[in-house]
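One structure is given here, and the rest of the page talks about it.
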Amino acid sequence: MKKKALYSAVMLFFTLLLGGCDYALFDSAGVTGQEMGNTILLTMGLMLIVVIPTVLLSIWMPWKYHTTKKDSTYEPDWDHSTKIEFYAWGIPFLIVAVLAVIAFETSYSLDPREPIPSDKEPMTIQVVAMDWKWLFIYPEEEIATVNEIAFPVDQPVEFLVTSATTMNSFFIPRLGSQIYAMAGMENRVNLMAKDQGEFRGISANYSGFGFAGMRFKTKVTTEEGYAEWLASVRNSAQVLNDEEYARLMEDSRDHQVEYFSSVNPLQFKNIIESFTGVESNGRSN
């Protein structure tokens with residue numbers, strides 16, 4: 001009775017422990033994330049072809065040939081079995097070969113830099129990692145935000161990612177790939193949401209004191225909802241000039257969302273080139 005109660009308590013503990021898990025990678029709202037989740041499940045299923053029989057045999061063998069079973073004898077009269085050799089070597093070989101093909105194909109099909117096929121032109125959002133906040137620039141709209149982005153559902157988005165300080169990692173778990181942000185360099189990741197909603201964006205690379213609060217909101221809306229969001233940003237009294245940018249460069253924790261109704265469309269380029277001693281001060285026509 002005590003053993004049964006202990007077993008129930010252990011199972012309850014692990015159930016509660018896993019109850020708070022967020023299976024974002026397997027409940028994706030993005031095209032890329034869904035394909036990644038399916039690939040992970042496929043590879044896990046292939047590996048279970050070996051894992052499950054191995055686990056079952058590790059239980060069955062000790063039970064069948066335990067020393068307490070005095071009447072059971074094991075006297076093999078052979079020294080080779082082609083059937084066993086086939087299962088022991090052939091099946092793992094086939095699984096590794098299939099996994100190699102999957103890895104090769106998905107290395108190209110899930111390349112974050114490759115545009116996502118769509119009948120819509122991709123929109124561009126420039127991403128700058130700071131200490132400890134995210135600056136987003138919409139060069140076509142000439143607006144900027146801190147710790148919040150928005151775009152329409154079924155709209156391919158190309159994120160251009162860099163860092164104004166230390167190396168970081170830009171990641172929206174419900175949508176797909178993470179990509180590193182490095183000072184003086186531009187990285188790219190293409191994402192597209194197939195469901196509306198508000199999704200959590202995070203820093204996936206430890207970057208110091210304020211790392212835990214370096215999060216942002218990703219709002220995926222209808223075309224009308226996106227237009228309303230743009231209007232609210234344009235109505236902001238804040239402008240991302242040199243003084244405001246210098247303020248953002250100061251270290252901060254759990255930074256609040258901010259809207260900037262105007263920004264130099266070359267700001268992102270200037271940030272990258274500031275690490276090479278070159279800066280573009282002009283504005284595009």
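Predicted model only: the values in this text are computed from it and were never measured.
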Test question: given the 4.5 Å side-chain rule for I, L, V, M, F, W and Y, name all other residues clustered with [X], or answer none.
X    : answer
V239 : none
V50  : L42, L46, M47, I49, F86, Y87, I91, I95, V98, L99, I102
F211 : Y206

Verdict with supporting geometry, F199 and V220, side-chain contact (heavy atoms from CB on, under 4.5 Å): CA-CA 8 Å; F199 308 113; V220 180; 3.6 Å; yes
Any donor-acceptor N/O pair, [X] side chain to [Y] backbone, under 3.5 Å:
X    : Y    : answer
N190 : R113 : yes
S177 : P112 : no
K133 : D131 : yes

Donor on one side chain, acceptor on other, [X] and [Y], under 3.5 Å:
X    : Y    : answer
N168 : S163 : no
Y138 : Q126 : no
E186 : T162 : no
E148 : W229 : yes

Using 0.5 Å steps for rounding, measure from the [atom1] atom of [X] to the [atom2] atom of [Y].
X    : Y    : atom1 : atom2 : value
K269 : N264 : NZ    : CG    : 10.5 Å
L191 : I179 : CG    : CD1   : 9.5 Å
S262 : E141 : OG    : CD    : 12.5 Å
I172 : K217 : CD1   : NZ    : 14.5 Å
T39  : M44  : OG1   : CE    : 13.0 Å
L230 : N235 : CG    : CG    : 11.0 Å

Considering only heavy atoms from C-beta outward, does the side chain of [X] approach that of [Y] to under 4.5 Å?
X    : Y    : result
N147 : Q256 : no
V233 : T145 : yes
S207 : M214 : yes
I149 : F159 : yes
N205 : Q178 : no
M130 : L248 : yes
F151 : M123 : yes
R200 : R174 : no

V128 vs F268, side-chain contact (heavy atoms from CB on, under 4.5 Å): CA-CA, chis, key distance, verdict: CA-CA 8 Å; V128 183; F268 184 78; 3.9 Å; yes
Salt bridge (charged side-chain N to carboxylate O under 4.0 Å, His left out) contacts in which one or both residues fall within residues 82-105, not counting sequence neighbours: none
Qualifying salt bridge (charged side-chain N to carboxylate O under 4.0 Å, His left out) pairs with a residue from residues 154-172, counting only residues at least two apart or across chains: E158-R188
If every non-hydrogen atom of [X] is compared with every non-hydrogen atom of [Y], which pair is closest and at what distance?
X    : Y    : value
R234 : S261 : O-CB, 3.3 Å
A181 : V161 : CB-CG1, 3.5 Å
V146 : H255 : CG1-CD2, 3.6 Å
K120 : P156 : O-CG, 3.6 Å
T221 : G225 : OG1-C, 3.5 Å

Atom CE of M185 with >12 non-hydrogen neighbours under 6.0 angstrom: no
Verify the cluster assignment for [X] and [Y]: are they in a single hydrophobic cluster under the rule of side-chain heavy atoms below 4.5 Å apart?
X    : Y    : value
I143 : V257 : yes
M249 : M182 : no
V189 : Y180 : no

Test log, rule ring pair (Phe, Tyr, Trp, His ring centres under 6.0 Å), inputs F170 and F216: CA-CA 10 Å; F170 173 78; F216 61 91; 5.4 Å; yes
Partners meeting salt bridge (Lys or Arg N to Asp or Glu O under 4.0 Å) with E114 (sequence neighbours left out): none
Derivation of the side-chain contact (heavy atoms from CB on, under 4.5 Å) call for I271 and Y245: CA-CA 10 Å; I271 293 171; Y245 181 76; 3.5 Å; yes
Pair W134-V127, side-chain contact (heavy atoms from CB on, under 4.5 Å): steps then yes or no: CA-CA 7 Å; W134 294 95; V127 183; 3.5 Å; yes
Salt bridge R247-E243, side-chain N to carboxylate O under 4.0 Å: no
